[in-house]
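Here is the structure we will look at.
Computed from a prediction, not measured in an experiment: that's the story for all the values here. Just the heavy atoms: all of them, side chains too, but no hydrogens, waters or symmetry mates, feed the values below. Order of appearance sets the numbers: ligands from 1, and atoms from 1 within every ligand.
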Amino acid sequence: MILVTGGAGFIGANFVLDWLANSDEPVLNLDKLTYAGNRNNLASVDGDARHVFVQGDIGDTALVERLLAEHKPRAVVNFAAESHVDRSIHGPEDFIQTNVVGTFRLLQAVRQYWQALCAIEKEAFRFLHVSTDEVYGTLAPDAPAFTETHTTEPNSPYSASKAASDHLVRAWHHTFGLPVLTTNCSNNYGPYHFPEKLIPLMIVNALAGKSLPVYGDGMQVRDWLYVADHCSAIRRVLEAGKPGETYNVGGWNEMPNIDIVHTVCRLLDELRPRADGKPYAEQISYVQDRPGHDRRYAIDARKIERELGWKPAETFESGIRKTVQWYLEHAGWVADVQTGAYRDWVQTQYAADAVAASA
Ligand code: NAD
Ligand code: DAU
């Protein structure tokens, strides 16, 4: 089996669902269920014996050691992180705790487990660390896209904490020989995306008649990748990536934020027109910029294509249409997130555990 951390979050849950749809190999899913972790994302695999969910922290060494010893995974895929740049500006502590200290403790526990494996299992074992293009910093408008050898110049507490974790992963390979792989991916979008991030926020705010807050002049550029393509890239790197290497993952799809927002508005105009017949774009409002806001990210994804034959399957046009449709068809999921009902799982689960323990 494989151990996935952070598998109740946006990308992790998509990865777990995708994995179980494509393979019979079981998944042990370790997730702390912070505000970003949502068991509803995994509802379709409830009761599936191939999916074992454990609520817990990657920084809980005793728990991780026990899970490794019990389940003997052949690989670890580390998604667990604090992931939202704006939250990292308001409160960086959790980012250091999970992204830096948590990754460090996970690496230590995995190293100890890996060292005790027999030679064949040791050779085949992989630790895949899921990282971001933000570690590279920001680009001038005409600068070439980030390659894997670009300098690391993180600018936000979030990207600094991810860069620190990337460095730890690299060092655990270089010094201890742990067979690690790192992926640095651009902005994902798709189903189960928490509506604090740009695309889902714009969809749910538009439908609720709220304003669509665009930071600064809206001309910051991001590269956007449909989440299923990120999942297929991770599967491919896990399968064929060379230990110690990093692979950039991107969609060859740079767009300014304001164009993203207009695209979402246009799709909603078509698929769920406003009752008053006016365009959703009327709800756009320019607001104060994010402090230290990186102006442009762009990913050069030629290495993963050349060496591992991976390319995105989805265009932005097809991916964003699917995404808007998904949100329109999953109003219940959105409502649970907005009311906080999605967090009831934790309470229900602990109540059930307590009943079971007292029986
Ligand atoms: P997310 O915030 O939606 O999910 C993170 C998950 O990790 C949640 O389920 C949360 O409960 C869990 N978690 C947090 N702290 C934990 C801890 N200490 N122990 C165990 N679980 C913990 O994030 P996401 O957008 O799905 O991102 C997943 C990973 O991919 C992150 O490492 C992020 O840096 C990286 N990434 C994200 C994007 C993107 O566009 N979202 C792009 C590139 C890379
Ligand atoms: O590049 C990969 C990164 O993409 C990941 O590592 C992060 O985990 C992920 O959150 C994402 O970071 P961003 O900061 O790029 O994503 P976010 O959706 O928060 O913002 C996208 C852009 O839109 C960014 O330039 C800020 C802007 N924005 C965002 C929000 C939430 C707005 O203009 N208005 C908003 O309300």
Could you pull out every donor-acceptor pair under 3.5 Å between side chains of residues 113-121 and any protein atom, sequence neighbours left out?
from : atom 1 : to   : atom 2 : distance (Å)
Y113 : OH     : P73  : O      : 2.7
W114 : NE1    : K122 : O      : 3.0

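At a threshold of 4.5 Å between side-chain heavy atoms, the hydrophobic network of Ile, Leu, Val, Met, Phe, Trp and Tyr places V130 and F146 in two separate groups.
Both the sub-6.0 Å distance and the 45° axial angle are satisfied by R111 relative to the ring of F176. Relative to the six-membered ring of Y189, K197 misses at least one condition, a distance below 6.0 Å or an angle of at most 45° to the axis.
To the nearest 0.5 Å, atom CG of residue N22 and atom CG of residue L17 are 11.0 Å apart.
Put simply, the residue from F10, Y342, F15, W326 that forms a ring pair (Phe, Tyr, Trp, His ring centres under 6.0 Å) with Y192 is W326.
With respect to E254 and R296, a salt bridge is recorded, a charged nitrogen being found less than 4.0 Å from a carboxylate O. The pair R295-D289 does not count as a salt bridge, with every side-chain nitrogen at least 4.0 angstrom from each carboxylate oxygen.
Partners of Y280 according to the ring-ring contact (aromatic ring centres under 6.0 Å, His included) rule, which considers only residues two or more places apart in sequence or in another chain, do not exist here.
Near ligand 1, residues G6, A8, G9, F10, I11, D31, K32, L33, T34, A36, G37, G56, D57, I58, F79, A80, A81, S83, T98, V130, S131, T132, Y158, K162, C185, S186, N187, N188 each place a heavy atom inside the 4.0 Å sphere around the ligand atoms.
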Identify all N/O pairs between ligand 2 and the protein with a separation under 3.5 Å and present them as a table of atom names and distances.
from     : atom 1 : to   : atom 2 : distance (Å)
ligand 2 : 1 (O)  : D133 : OD1    : 2.5
ligand 2 : 1 (O)  : N187 : OD1    : 2.7
ligand 2 : 4 (O)  : N187 : OD1    : 3.3
ligand 2 : 4 (O)  : N187 : ND2    : 3.1
ligand 2 : 6 (O)  : T132 : OG1    : 2.7
ligand 2 : 6 (O)  : Y158 : OH     : 2.6
ligand 2 : 8 (O)  : S83  : O      : 2.7
ligand 2 : 8 (O)  : Y158 : OH     : 3.0
ligand 2 : 10 (O) : S83  : O      : 3.2
ligand 2 : 12 (O) : E134 : OE2    : 2.8
ligand 2 : 14 (O) : R290 : NH1    : 2.6
ligand 2 : 14 (O) : R290 : NH2    : 3.4
ligand 2 : 15 (O) : N187 : ND2    : 2.9
ligand 2 : 15 (O) : R222 : NE     : 3.0
ligand 2 : 18 (O) : L198 : N      : 2.7
ligand 2 : 19 (O) : R290 : NH2    : 2.9
ligand 2 : 23 (O) : N257 : ND2    : 3.3
ligand 2 : 25 (O) : R222 : NH2    : 3.2
ligand 2 : 25 (O) : N257 : ND2    : 2.8
ligand 2 : 25 (O) : H293 : NE2    : 2.7
ligand 2 : 33 (O) : Y215 : N      : 2.9
ligand 2 : 34 (N) : P213 : O      : 2.8
ligand 2 : 36 (O) : P213 : O      : 3.3

